[in-house]
Amino acid sequence: QVQLAESGGGLVQPGDSLRLSCAGSGLTFSNYIVGWFRQAPGTGYEFVAASKWNGGSTRYSNSVKGRFTISRDNAKNTVYLQMTNLKPDDTAVYYCAALRQKLGYDPPFSRSDYDYWGQGTQVTVSS
């Protein structure tokens, strides 16, 4: 069975950095697009970032461009989200999601395109 497990969330102050991890089991990340979504209190799911199977093609939401970086270590079957200059508006539950890689297929933005989801990790940015 497929399982995605997020970790690395916590309580930080504005301007701090945090690295989230997504560990996969039951699937090989080198065959999958892996992305991050987040859900802030009282809101729906928001696309954050995603990367192609080899990390060569990445996409970011406008709200995190220049601050967040998605990377992957396929040998460890792990995808990371490095977050810097965190803001209170970044407070949310962050979810890892995966989609099987297709020929010529870049990471999609739509939540419905992703097949597998983790349980989420809480990130709270507050003074």
Side-chain angles (χ1 to χ4, degrees):
Q1 61 181 0
V2 172
Q3 184 175 1
L4 302 178
E6 304 95 336
S7 62
L11 174 63
V12 297
Q13 297 184 82
D16 283 354
S17 298
L18 205 59
R19 188 179 77 162
L20 306 183
S21 298
C22 173
S25 61
L27 78 170
T28 301
F29 274 173
S30 63
N31 296 323
Y32 286 80
I33 291 168
V34 180
W36 291 91
F37 290 77
R38 66 187 182 185
Q39 185 176 38
T43 71
Y45 288 85
E46 177 191 7
F47 174 84
V48 176
S51 73
K52 208 171 179 179
W53 68 274
N54 62 354
S57 179
T58 59
R59 289 181 171 180
Y60 298 91
S61 69
N62 290 332
S63 63
V64 307
K65 283 182 180 178
R67 298 190 299 119
F68 291 10
T69 301
I70 187 170
S71 62
R72 58 199 297 159
D73 186 342
N74 286 335
K76 298 181 182 295
N77 226 39
T78 302
V79 172
Y80 305 97
L81 184 68
Q82 179 67 50
M83 305 182 293
T84 63
N85 192 25
L86 284 161
K87 304 175 180 180
D89 285 348
D90 295 320
T91 296
V93 177
Y94 284 72
Y95 297 90
C96 175
L99 165 71
R100 185 173 292 180
Q101 183 69 65
K102 302 178 180 65
L103 283 175
Y105 197 57
D106 287 325
F109 297 101
S110 177
R111 172 191 173 203
S112 63
D113 285 323
Y114 291 82
D115 299 315
Y116 305 104
W117 291 80
Q119 294 298 307
T121 184
Q122 176 71 49
V123 173
T124 302
V125 185
S126 176
S127 299

Write down the atom of [X], the atom of [Y], and the distance for their closest heavy-atom approach.
X	Y	answer
Gln122	Val93	OE1-CG2, 3.2 Å
Arg72	Lys52	NH1-O, 2.6 Å
Ser21	Thr78	CB-CG2, 4.3 Å
Pro41	Thr91	CD-O, 3.9 Å
Tyr114	Leu99	CD2-CB, 3.9 Å
Tyr60	Ala49	CD2-CB, 3.5 Å

Please check: side-chain N/O of [X] versus main-chain N/O of [Y], any donor-acceptor pairing under 3.5 Å?
X	Y	result
Arg59	Pro107	yes
Asn74	Trp53	yes
Gln119	Glu6	no
Arg19	Gly8	no
Thr84	Arg67	yes

Original post:
Would you call the rings of Tyr45 and Trp117 parallel, tilted or perpendicular, where under 30° means parallel and over 60° means perpendicular?
Top reply: perpendicular

Original post:
Using 30° and 60° as the class limits, which term best fits the ring planes of Phe68 and Tyr94: parallel, tilted or perpendicular?
Top reply: tilted

**OP:** Test Pro14 against every option in Leu86, Val125, Asn85 by the side-chain contact (heavy atoms from CB on, under 4.5 Å) rule and name the one that passes.
**Re:** Val125

Is any side-chain heavy atom of [X] less than 4.5 Å from a side-chain heavy atom of [Y]?
X	Y	result
Tyr32	Val79	no
Trp36	Cys96	yes
Pro108	Ile33	yes
Ser51	Thr58	yes
Ile70	Val34	no
Asn77	Ser25	no
Met83	Val64	no
Tyr80	Thr69	no

Quick one: pull up [atom1] in [X] and [atom2] in [Y] and give me the separation to the nearest 0.5 Å.
X	Y	atom1	atom2	value
Leu81	Ser71	CG	OG	8.5 Å
Leu27	Arg100	CG	CZ	9.0 Å
Asp113	Phe47	CG	CZ	10.5 Å

**OP:** List the steps and the verdict of side chain to side chain contact (heavy atoms under 4.5 Å, CB included) for Arg38 and Asp90.
**Re:** CA-CA 9 Å; Arg38 66 187 182 185; Asp90 295 320; 2.9 Å; yes

Original post:
Under 3.5 Å, is there a donor-acceptor pair between the Ser30 and Thr28 side chains?
Top reply: no

Original post:
Just checking, any donor-acceptor pair under 3.5 angstrom between side chains of Ser63 and Ser61?
Top reply: yes

Original post:
Are Leu11 and Leu20 linked, directly or through other ILVMFWY residues, by side chains that come within less than 4.5 angstrom of each other?
Top reply: no

Original post:
Quick one: do Phe29 and Phe37 end up in the same hydrophobic cluster if we chain Ile, Leu, Val, Met, Phe, Trp and Tyr together by side-chain heavy atoms under 4.5 Å apart?
Top reply: no

Original post:
Does the side chain to side chain donor-acceptor pair (under 3.5 Å) test come out yes or no for Ser112 and Ser110, once each step is laid out?
Top reply: CA-CA 5 Å; Ser112 63; Ser110 177; 2.9 Å; yes

